[in-house]
2 protein chains.
Amino acid sequence: MRLSQYLLPTLRETPADAEIISHQLMLRAGMIRRLAAGLYSWLPLGLRVVQRVEQIVREEMNAAGAQEVLMPVVQPAELWEESGRWDNFGPELLRIKDRHERDFALGPTHEEVITDLIRGEVRSYRQLPLNLYQIQTKFRDEIRPRFGVMRAREFVMKDGYSFEADEASLDRTYEAMFEAYRRIFLRLGLDFRPVRARTGAIGGSVSHEFHVLADSGEDEIAFCTSCGYAANVELAEAAAPETERPAPAEDLRTVDTPGAYTIAAVSAMLDVPADRTVKTLFAEGRHGPVALILRGDHELNEDKAAAHPALGGECHFLDSHRIRQLAGAEPGSVGPVGLDAEKVAVLADREAAVLADFVCGANRPDQHLMGVNWDVNLPEPQAADLRMVVKGDPCPQCRTPMDTTRGIEVGHIFKLGAKYSESLGATYLDADGREQPMLMGCYGIGISRIVAAAIEQNHDQGGIRWPQAIAPFDIALIAINKKKSQRVADAAEALYGELRQAGYEVLYDDRDERPGIQFNDADLIGIPHRLVVGEKGLDRGMYEYKSRAEQDAQDAPVDGILDFLRSRSADS
Amino acid sequence: MRLSQYLLPTLRETPADAEIISHQLMLRAGMIRRLAAGLYSWLPLGLRVVQRVEQIVREEMNAAGAQEVLMPVVQPAELWEESGRWDNFGPELLRIKDRHERDFALGPTHEEVITDLIRGEVRSYRQLPLNLYQIQTKFRDEIRPRFGVMRAREFVMKDGYSFEADEASLDRTYEAMFEAYRRIFLRLGLDFRPVRARTGAIGGSVSHEFHVLADSGEDEIAFCTSCGYAANVELAEAAAPETERPAPAEDLRTVDTPGAYTIAAVSAMLDVPADRTVKTLFAEGRHGPVALILRGDHELNEDKAAAHPALGGECHFLDSHRIRQLAGAEPGSVGPVGLDAEKVAVLADREAAVLADFVCGANRPDQHLMGVNWDVNLPEPQAADLRMVVKGDPCPQCRTPMDTTRGIEVGHIFKLGAKYSESLGATYLDADGREQPMLMGCYGIGISRIVAAAIEQNHDQGGIRWPQAIAPFDIALIAINKKKSQRVADAAEALYGELRQAGYEVLYDDRDERPGIQFNDADLIGIPHRLVVGEKGLDRGMYEYKSRAEQDAQDAPVDGILDFLRSRSADS
């Protein structure tokens, strides 16, 4: 491609409204342009990357036995009513009416449509399993779209769905998809990690997320370097404490803590470490109020709390008014001592339950209790895993201290079980002629998000540093001052032909720009290999070569340039 | 692909609700399934064809210097208001509101979005021309979607847009796109014809449609076998009559024509050929009522009438009430004689204007006039080309009698001029530093419609007959009774591997079905080449080969099968 004819509007300045580096660089490198909130046009350079990602995903899905289909973007409301999600999905589901006033939705996901398709085609266990996927533009009406294509309203997604006759078959497909995803992210050249994850709005029992690791990632991942355990901290299990609760050593006493309403303030005022204090949160699930007790230095994991039978699947925090009614004080001064067991259940994180002689709010304004002990000053609590894991926590599998890292979720696989097949009546006849609901799995990859995540992970001061496999071009070819030197112009033109002939995708900077601008643009857009044609080099029978990953350029022989490049590609 | 694991739900029966053969065959061959009115899911076999078409289109667009982009499906209303199409486009534009109650549309076309993009990026004539395209799912809320994917609400389209500094540049791009389209349809292996066309809702001055020729086509095309002139009959020019008007020979007389209100009835009752009668239609444009006079055997072309200055761009037919006011009689008995020139203009088609001694309605119930002559019984009319051309009309370029054929519109290219760039303010600075509106062209191809059109053109009793280039698979491989013969099973398996190794896309029918079902399915889905592995053939060292285009099968040697296939591919 000749740059003089290519729509590649690079920007020198960082756009003011772009918060994260990938969004900034995608705008600056002329990959995308904003049309409206959360809606982006992909310019030619950006689309090339999207298509390279798509192609790798497609090849690996096909190799794993999945079959590509394409379902409509616009979906009839009736199917979403059948599954129950028309009411449950929330305003991210953009609901529309056609010219006949019939209700439709813009598809953010296709469980209903594919289940409807398959219930019409599959009758017998002999037709199972089936594993279908599509690569498609999806729409989610995010309330606050941001970070460019990372959290856009329209995005390109690979979504796949499998239909199975039994659990063993679902396990096999799930495993095959897990392995296909590993291969995909390996081929993409990204540093990634599969982690256990919660199932969220899609539903189901087991799920794994695939994260591209990057400091800017929205998700925190806990992982064990010893046994390989890895989970989103939203889900990661906190290992049970190994130590027993110490025997009580102090007496209960009330202390004044004027103006200290946070763990940090109380801890400082009383000179007690945060891990000897507890925090008390009042929430409600399906069975009345619950006081959730955590060690002062720990954070509540709402999913874990909601999943506890005491809450029964939901976790809503109470407002100050109701807390005052239950505890007699405002948040900041509340604690578990003296709560009316008839009115509020007490549920303690396992680490809070093994504390002795701890500090908590006194349920009176500006006072705290010290020397509090379970079973002495208040009843023995129900204990459960309620907290977010933190760096250094023992691995729940092998107890090695865990590390944490940040990641960008770019893939998610789920065992859905019979959730959709039951509500939509997708059944088959088993070998004994009995009607059974199909079991399902669902397997997503955020194609456009991968492009942004790849940049978050692979950039430097100069711009993007594409992994070879998804770079929009293989080689940036720059002619220096070709307007002044016919020899350079001719040599660059010949090299452009030679490289393309050899199968390289080449972006030939044939503009009459200053070399500094040409070099900066090449760095910005991040092509892995750069070849420069200039007078001085040609005098010596040399081009100048630089890898995007390296600081320094080197000579590359005019004769034998293809051999040279092959050796460099092998390196990289 | 092994058929036993492939989602290919073929149907023996013709689906009752499918009116045209391509829709029937696409359902029967398991290519598509209906989700809702005008919304279809593409199953694996169908999507393979879509993707083959896409790939050919993409390669030829790239080769012609166009650059691929991807714009959002959801478009902000503001841009459509700027262009004036928010109000003008009609209910095919599906208007939606997002969660913040902001107006958007589902994109049926992207002139506004691309013009908005380019007005933000292009400043100078040096950045022009630019030719951008995308391949994307589009939405048009058709009032009565039908014929399967032929007139669906969601469809896959290639839409391209060029931006030019001057007319000469627009001409060059238009010509390049015309040639690219020719190459695309040639490569697709379709019998097609580019024709001059009207510009319709997209606007602009010049346009050509590309039609796939098929008896079932909705459009009629007039073409000249001598000079190559071809046009949609909606646009095709009727050559001016070569003969002068004969001198009047008869006297005007009134005759009773009780109950004869059609040309056919009047012609029969009076024993006068239809081409000696005239029909009179009353219409109104922007400048008051006009009586449109056509020879009895000709049909009005409303576009031509609307385009005449007497109507000024619009053509609405008057109702019976107003016709009675103007002519004194009902339609069926009206004519041009005695009309009040103050109240109604008379505009005659050129063929009607050269008639002498003709028949027309008398403007009295159940009476007609005979022996009517212009300039004798009524004033000399304004004459213009108002009619649809018919088979046998002289070519407007070379006067050879024209033929007509039917076609399916699958491509349409337009010179838009400054229509969108002016309303949206897409300007550039020319070489003299003056601000100018860019000129634009727009270039569409209906990808999913091509799939249906290819079937309309290429099918027989047995099913589809894919052109090689877009066939979903190259070879249908059938193992006969492999359950009973391990030798057949092994040979078929080995051949499957050998063919794939050689680069063929193979659909291997490894099902334990009766041979008749296997053969019928292979014919139905229309794979160009069929290889059968059976006991009897293997005894003689032979497979059985049949081309989908031929009736009879022939032997194909087990040893040297690849050479055999190469020779057959060369034939086809």
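Keep in mind that what you see is a predicted model, and the values were worked out from it rather than measured. Letters go in sequence order (proteins before strands), and every chain restarts at 1.
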Proximal component of B/Leu39, with respect to chain A [non-hydrogen, under 4.5 Å]: both
Walk me through it: do A/Met438 and A/Val122 pass the test side chain to side chain contact (heavy atoms under 4.5 Å, CB included)? CA-CA 10 Å; A/Met438 299 176 207; A/Val122 170; 3.7 Å; yes
Restricting to non-hydrogen atoms, name the atom on B/Ile96 and the atom on B/Ala105 that form the minimum distance, rounded to 0.1 Å. CG1-N, 4.3 Å
Would you say B/Met157 and B/Ile135 make side-chain contact, with heavy atoms under 4.5 Å? no
What's the verdict on side chain to side chain contact (heavy atoms under 4.5 Å, CB included) for A/Val73 and A/Phe139, showing C-alpha distance, side-chain angles and the deciding distance? CA-CA 8 Å; A/Val73 175; A/Phe139 194 92; 5.8 Å; no
Between B/Ile143 and chain A, which part of the residue has a heavy atom less than 4.5 Å away: side chain, backbone, both or neither? both
Tell me, side chain or backbone of A/Leu43 under 4.5 Å from chain B's heavy atoms, or both, or neither? both
Between A/Phe155 and A/Val149, is there a side-chain heavy-atom distance shorter than 4.5 Å? no
Checking heavy atoms, do the side chain of B/Leu132, its backbone, both or neither come under 4.5 Å from chain A? side chain
Residue part contacting chain A, namely of B/Ile114, when any heavy atom lies under 4.5 Å: neither
Before you tell me yes or no, could you show the steps for A/Met1 and A/Leu3 under side chain to side chain contact (heavy atoms under 4.5 Å, CB included), namely the whole-Å CA-CA distance, both residues' side-chain angles and the distance that decides it to 0.1 Å? CA-CA 6 Å; A/Met1 183 57 66; A/Leu3 189 39; over 6 Å; no
Atom pair CD1/CD1 of B/Ile56 and B/Ile470 - distance to nearest 0.5 Å: 7.0 Å
Closest heavy-atom pair and its distance - A/Leu7, A/Pro44: O-CD, 3.7 Å
If we define contacts as heavy-atom pairs under 4.5 Å, which of B/Leu47, B/Leu94, B/Leu45 has the most with chain A? B/Leu47
What are the two closest non-hydrogen atoms of B/Ile118 and B/Phe163, and how far apart are they? CG1-CE1, 3.5 Å
Between A/Ala29 and A/Leu8, which heavy-atom pair has the shortest distance, and what is it? O-CD1, 3.3 Å
Out of B/Pro76, B/Pro129, B/Gly120, B/Ala152, which one racks up the most heavy-atom pairs below 4.5 Å with chain A? B/Pro76
Less than 4.5 Å to any heavy atom of chain A: does that hold for the side chain of B/Leu106, its backbone, both, or neither? side chain
Please tabulate the donor-acceptor pairs under 3.5 angstrom that span chain B and chain A, backbone and side chains included.
from	atom 1	to	atom 2	distance (Å)
B/Gln5	O	A/Gln67	NE2	2.5
B/Leu7	N	A/Gln67	OE1	2.9
B/Arg33	NE	A/Glu121	OE2	2.5
B/Trp42	N	A/Leu70	O	2.7
B/Trp42	O	A/Leu70	N	3.0
B/Gln51	NE2	A/Glu68	OE1	3.2
B/Gln51	NE2	A/Glu68	OE2	3.1
B/Gln67	OE1	A/Leu7	N	2.9
B/Gln67	NE2	A/Gln5	O	2.5
B/Glu68	OE1	A/Gln51	NE2	3.2
B/Glu68	OE2	A/Gln51	NE2	3.1
B/Leu70	N	A/Trp42	O	3.0
B/Leu70	O	A/Trp42	N	2.7
B/Val73	N	A/Glu154	OE1	2.9
B/Val73	N	A/Glu154	OE2	2.8
B/Val74	N	A/Glu154	OE2	2.7
B/Glu92	OE2	A/Arg99	NH1	3.3
B/Asp98	OD2	A/Arg153	NH1	2.9
B/Arg99	N	A/Asp141	OD2	2.7
B/Arg99	NH1	A/Glu92	OE2	3.3
B/Arg99	NH1	A/Asp141	O	2.8
B/His100	NE2	A/Ile143	O	3.2
B/Glu121	OE2	A/Arg33	NE	2.5
B/Asp141	O	A/Arg99	NH1	2.8
B/Asp141	OD2	A/Arg99	N	2.7
B/Ile143	O	A/His100	NE2	3.2
B/Arg153	NH1	A/Asp98	OD2	2.8
B/Glu154	OE1	A/Val73	N	2.9
B/Glu154	OE2	A/Val73	N	2.8
B/Glu154	OE2	A/Val74	N	2.7

What part of B/Leu70 gets closer than 4.5 Å to chain A, counting heavy atoms only: side chain, backbone, both or neither? both
Tell me, side chain or backbone of B/Val50 under 4.5 Å from chain A's heavy atoms, or both, or neither? neither
